Amino acid sequence: MKFSRFAILYISFSLAVALLALGLQHFMETVPVLSPHFWLLFAVIFLLTGLAYGLSDIGIRKGGQVSILSLMGGLFLKLLISLVVIAVLIIKFPENKLLTAINFFSLYFLFTLFEVICLLRNLRDQNQT
């Protein structure tokens, strides 16, 4: 999968997740569904996933041992930076920690799932040639 195709799919996926979040917030007005820092988390995870995929894609294209290191390095850096961001948010803004954590983990796992599916497509394409 070329990076341009990934970018189109990634932006479409991100818009779908954002619209889903807005829809949940609109239909469940009485219950807080999104934390006050949801959009900050969304932006951070969006950027980190794009960077991690880019790093992994470069490594896959180089092949060999570099591909494994870039895949693991991209996922590890994304996890590490994301955990630092959520820790800072929870420590600095202690109100409604549970909702912030739920929002973070739902976003993180959704974006990571999308990234891994795209990376597996890249590896499958590489094995077929």
Side-chain angles (χ1 to χ4, degrees):
M1 178 186 313
K2 296 191 185 241
F3 194 78
S4 59
R5 178 160 166 74
F6 169 77
I8 292 168
L9 290 173
Y10 185 53
I11 290 171
S12 301
F13 174 76
S14 299
L15 288 173
V17 170
L19 290 174
L20 177 67
L22 288 173
L24 281 173
Q25 185 180 20
H26 177 69
F27 289 118
M28 303 179 101
E29 292 175 352
T30 58
V31 179
V33 178
L34 301 180
S35 73
H37 310 291
F38 177 81
W39 297 110
L40 173 66
L41 289 172
F42 184 87
V44 167
I45 293 175
F46 175 82
L47 291 173
L48 287 175
T49 301
L51 290 173
Y53 179 84
L55 178 69
S56 300
D57 189 47
I58 291 169
I60 288 172
R61 299 218 187 279
K62 286 191 177 189
Q65 192 71 17
V66 175
S67 65
I68 295 168
L69 292 174
S70 67
L71 283 168
M72 297 306 291
L75 290 172
F76 177 74
L77 285 175
K78 178 182 167 190
L79 175 67
L80 186 66
I81 294 170
S82 296
L83 288 175
V84 167
V85 167
I86 192 64
V88 167
L89 280 176
I90 287 178
I91 291 170
K92 191 160 177 113
F93 305 103
E95 67 278 349
N96 218 344
K97 292 178 190 179
L98 182 62
L99 185 60
T100 303
I102 289 171
N103 286 169
F104 165 73
F105 283 110
S106 62
L107 284 173
Y108 182 81
F109 288 129
L110 277 173
F111 278 94
T112 301
L113 177 67
F114 181 79
E115 178 187 4
V116 168
I117 288 171
C118 289
L119 288 170
L120 287 175
R121 279 186 173 179
N122 279 352
L123 291 172
R124 183 180 62 213
D125 290 344
Q126 190 179 43
N127 287 336
Q128 289 178 355
T129 58

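These figures come from a predicted structure and were not determined experimentally.
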Between Thr100 and Leu41, is the side-chain contact (heavy atoms from CB on, under 4.5 Å) condition met? List the steps.
CA-CA 9 Å; Thr100 303; Leu41 289 172; 4.2 Å; yes
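- Of the possible donor and acceptor atoms, one in the side chain of Tyr10 sits under 3.5 Å from a partner among the backbone N and O of Phe46.
- Residues Leu120 and Val116 form a side-chain contact, since some pair of their non-hydrogen atoms from C-beta on lies under 4.5 Å apart.
- Of the inter-residue distances, the one linking Lys97 atom NZ with Ile91 atom CD1 reads 8.5 Å to the nearest 0.5 angstrom.
- For Phe13, the ring-ring contact (aromatic ring centres under 6.0 Å, His included) criterion is met by Phe111, Phe114, not counting sequence neighbours.
- Summarising the geometry of Ala101 relative to Ile90, their closest heavy-atom pair is CB-CD1, 4.3 Å, with the distance given to 0.1 Å.
- Taken to the nearest 0.5 Å, the CG atom of Leu107 stands 12.0 Å off from the CD1 atom of Ile102.
- Connection of Phe3 to Leu119 is established within a shared hydrophobic cluster, with ILVMFWY side chains joined at heavy-atom distances below 4.5 Å, either directly or through further cluster members.
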Determine, stepwise, if the pair Leu24 / Leu34 fulfils side-chain contact (heavy atoms from CB on, under 4.5 Å).
CA-CA 8 Å; Leu24 281 173; Leu34 301 180; 5.9 Å; no
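- Partner Leu83 forms a side chain to side chain contact (heavy atoms under 4.5 Å, CB included) with one of Leu79, Ile81, Leu80 and no other, that one being Leu79.
- Under the 4.5 angstrom side-chain criterion for Ile, Leu, Val, Met, Phe, Trp and Tyr, Ile8 has no cluster partners at all.
- Leu51 and Leu71 are not part of a single hydrophobic cluster, where members link through side-chain heavy atoms under 4.5 Å apart.
- With hydrophobic clusters built from ILVMFWY side chains whose heavy atoms lie under 4.5 angstrom apart, Met72 does not share a cluster with Leu69.
- Every pair tested for salt bridge (Lys or Arg N to Asp or Glu O under 4.0 Å) that includes a residue from residues 9-19 fails, sequence neighbours excluded, so the list is empty.
- Taking all atoms of both residues into account, the shortest heavy-atom contact from Leu55 to Ser70 is O-CB, 3.6 Å.
- Distance NE2/His26 to CG/Leu19: 13.0 Å, rounded to 0.5 Å.
- Separation of atoms CD1 (Ile86) and OH (Tyr108) is listed at 12.5 Å; rounding is to 0.5 Å.
- Under the 6.0 Å distance and 45° angle rule, Lys78 does not count as a cation-pi partner of Tyr53.
- A 6.0 Å sphere centred on CZ of Phe76 holds no more than 12 heavy atoms belonging to other residues, nucleotides or ligands.
- Here the shortest heavy-atom pairing between Gly74 and Ser56 reads CA-OG, 4.4 Å.
- Note: the hydrophobic cluster containing Leu110 also contains Leu40 (ILVMFWY, side chain heavy atoms under 4.5 Å, direct or indirect links).
- Judged as a salt bridge (Lys or Arg N to Asp or Glu O under 4.0 Å), the pairs with a partner in residues 41-59 (not counting sequence neighbours) are, in order, Asp57-Arg61.
- Tracing side-chain contacts under 4.5 Å through hydrophobic residues (I, L, V, M, F, W, Y), one never reaches Ile45 starting from Ile11; they form parts of separate clusters.
- For Phe93, the ring-ring contact (aromatic ring centres under 6.0 Å, His included) partners at least two apart in sequence or on another chain are His37.
- The distance from the CG atom of Leu75 to the CG atom of Leu48 is 11.5 Å, given to the nearest 0.5 Å.
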Would Phe42 and Val17 count as a side-chain contact (heavy atoms from CB on, under 4.5 Å) here? Give the steps.
CA-CA 9 Å; Phe42 184 87; Val17 170; 3.8 Å; yes
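- What you find for Ala21 and Trp39 is that their closest heavy atoms are CB-CH2, 4.5 Å.
- Of the inter-residue distances, the one linking Ile58 atom CD1 with Ser67 atom OG reads 13.0 Å to the nearest 0.5 angstrom.
- Inter-residue side-chain proximity for Val33 and Phe38 is flagged as unmet; no heavy-atom pair is nearer than 4.5 Å.
- Applying the under-4.5 Å side-chain rule to Ile, Leu, Val, Met, Phe, Trp and Tyr, the cluster around Ile117 extends to Leu113.
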